[in-house]
Amino acid sequence: VSNLVLTGTQNPQSVLGAEPYVLLPLLFVAGIRFGSSGGAIATVVIAAVTVWQTSHGHGAFADAGYSPTSQAFRIYVYLAIASLTTLFAAAMLSERERAYTQARLQSAALSAAANAIVITDRAGLIEWVNQAFSELTGYTAAEVVGKNPRELVKSGQHDQVFYRNLWDTMLSGQVWRGEIINRRKD
């Protein structure tokens, strides 16, 4: 009766199919979706079904040509693989969550900085500005994205050498630090 509830069929082997390894992707998904605890629960359920089937002479591990010791060894190997699959999936989830949290934290720090921060592409077109930039210049982010900063805030107070040094520093991958006298929108 329990087999009918589990599988909807009278063939106990159909719980795991011809090979129980077909369930490893399900464990992987359980590990990603529910973390290590969800993956562990899924592994325990599959282990219980596998052991029950084998002890009743059914399933992929209940081969008449294998001794009980050999059957047990095959089950242990399968469960070890299943557990590693689940742990690997859970580790991937944890790493993805850490990266997401780190990106959120960095974004919040850039947005809340008191200094104006402008992020440009290699052509010098603005991709992002923080709120401090908007407060200092009078331009909203929507007004400046896609434009070159020199079109907006160049005051004429700095010479070409100053700007060449600024851009050479940034385009070489270094951080430029300094003060610029800019003009406001108004």
Side-chain angles (χ1 to χ4, degrees), residues 17 19-47 77-186:
E19 286 292 331
Y21 301 103
V22 298
L23 291 178
L24 291 179
L26 295 175
L27 291 174
F28 188 77
V29 169
I32 287 178
R33 178 70 175 96
F34 302 110
S36 57
S37 60
I41 291 169
T43 302
V44 168
V45 169
I46 290 172
V77 169
Y78 169 69
L79 295 178
I81 292 170
S83 297
L84 289 174
T85 300
T86 302
L87 290 174
F88 177 71
M92 285 179 52
L93 174 69
S94 296
E95 183 57 34
R96 186 174 57 193
E97 286 176 345
R98 272 193 296 278
Y100 176 73
T101 300
Q102 181 71 20
R104 259 190 21 238
L105 179 64
Q106 289 172 344
S107 175
L110 287 173
S111 294
N115 296 329
I117 299 174
V118 178
I119 297 177
T120 66
D121 62 14
R122 292 191 63 82
L125 300 179
I126 297 173
E127 293 183 344
W128 182 87
V129 296
N130 68 347
Q131 184 61 36
F133 174 88
S134 295
E135 291 169 6
L136 286 170
T137 65
Y139 288 100
T140 66
E143 292 175 299
V144 300
V145 169
K147 295 191 169 120
N148 189 301
R150 84 173 72 91
E151 300 169 19
L152 306 169
V153 295
K154 189 173 180 181
S155 66
Q157 299 288 320
H158 302 287
D159 61 11
Q160 292 293 355
V161 174
F162 176 86
Y163 287 109
R164 189 172 325 128
N165 177 39
L166 179 147
W167 283 105
D168 287 348
T169 301
M170 289 191 302
L171 290 174
S172 70
Q174 299 175 24
V175 175
W176 182 84
R177 288 182 172 82
E179 280 191 25
I180 298 179
I181 299 172
N182 283 330
R183 63 186 162 122
R184 284 185 52 86
K185 177 181 176 182
D186 53 8

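Sequence positions, counted from 1, serve as the residue numbers for this chain. The analysis underlying the following values was restricted to heavy atoms, covering all of them including side chains, and did not include hydrogens, waters or symmetry mates.
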**Fill in**
Ser155 and Ile181 have their tightest heavy-atom pair at OG-O, 2.5 Å

**Smallest separation among heavy atoms of Ser134 and Val129, with atom names** = OG-CG2, 4.4 Å

**Request:** With Lys154 as the cation and Tyr163 as the aromatic partner, state whether NZ or CZ is under 6.0 Å from the six-membered ring centre and within 45° of the axis.
**Result:** yes

**Prompt:** What closest approach, in Å, do Val145 and Glu127 show between heavy atoms, and which atom pair accounts for it?
**Reply:** CG2-O, 3.9 Å

**Asked** Would a distance-only check, ignoring hydrogens and angles, find a side-chain to backbone donor-acceptor pair under 3.5 Å from Asn115 to Ala132?
**Response** no

**Message:** Using only atom types and a distance under 3.5 Å, with no angle test, would you say the side chain of Thr169 pairs donor to acceptor with the backbone of Trp176?
**Reply:** no

**Item:** Contact summary for Lys147 and Leu152, nearest pair of heavy atoms
**Value:** CD-CD2, 3.9 Å

**Item:** Min side-chain heavy-atom separation Val153-Leu136 under 4.5 Å
**Value:** no

**Prompt:** Thr120 and Trp167: side-chain contact (heavy atoms from CB on, under 4.5 Å), yes or no, with the steps?
**Reply:** CA-CA 11 Å; Thr120 66; Trp167 283 105; 3.9 Å; yes

**Item:** Partner set under side-chain hydrogen bond (donor to acceptor under 3.5 Å, both in side chains) for Asp186, not counting sequence neighbours
**Value:** Arg184

**Prompt:** Which distance, rounded to the nearest 0.5 Å, do you find between the CD of Gln131 and the OG1 of Thr140?
**Reply:** 9.5 Å

In residues 100-107, what donor-acceptor pairs under 3.5 Å come from side-chain atoms, sequence neighbours left out?
residue	atom	partner	partner atom	Å
Thr101	OG1	Glu97	O	2.9

**Request:** Take Thr137 and Val144, measure what side-chain contact (heavy atoms from CB on, under 4.5 Å) needs, and give me the verdict at the end.
**Result:** CA-CA 10 Å; Thr137 65; Val144 300; 5.7 Å; no

**Asked** Going from CZ on Phe133 to CD1 on Ile126, what distance comes out if it is rounded to the nearest 0.5 angstrom?
**Response** 5.0 Å

**Prompt:** Closest approach of Arg183 and Glu151, non-hydrogen atoms and distance?
**Reply:** NH2-O, 3.4 Å

**Request:** Could you grab the distance from atom CH2 of Trp128 to atom CD1 of Ile117, nearest 0.5 Å is fine?
**Result:** 5.5 Å

**Asked** How far does CG of Asn182 sit from NE2 of His158, to the nearest 0.5 angstrom?
**Response** 6.5 Å

**Request:** Provide the closest heavy-atom pair for Leu125 versus Gly146 in the form atom of the first, atom of the second, distance.
**Result:** CD2-O, 3.7 Å

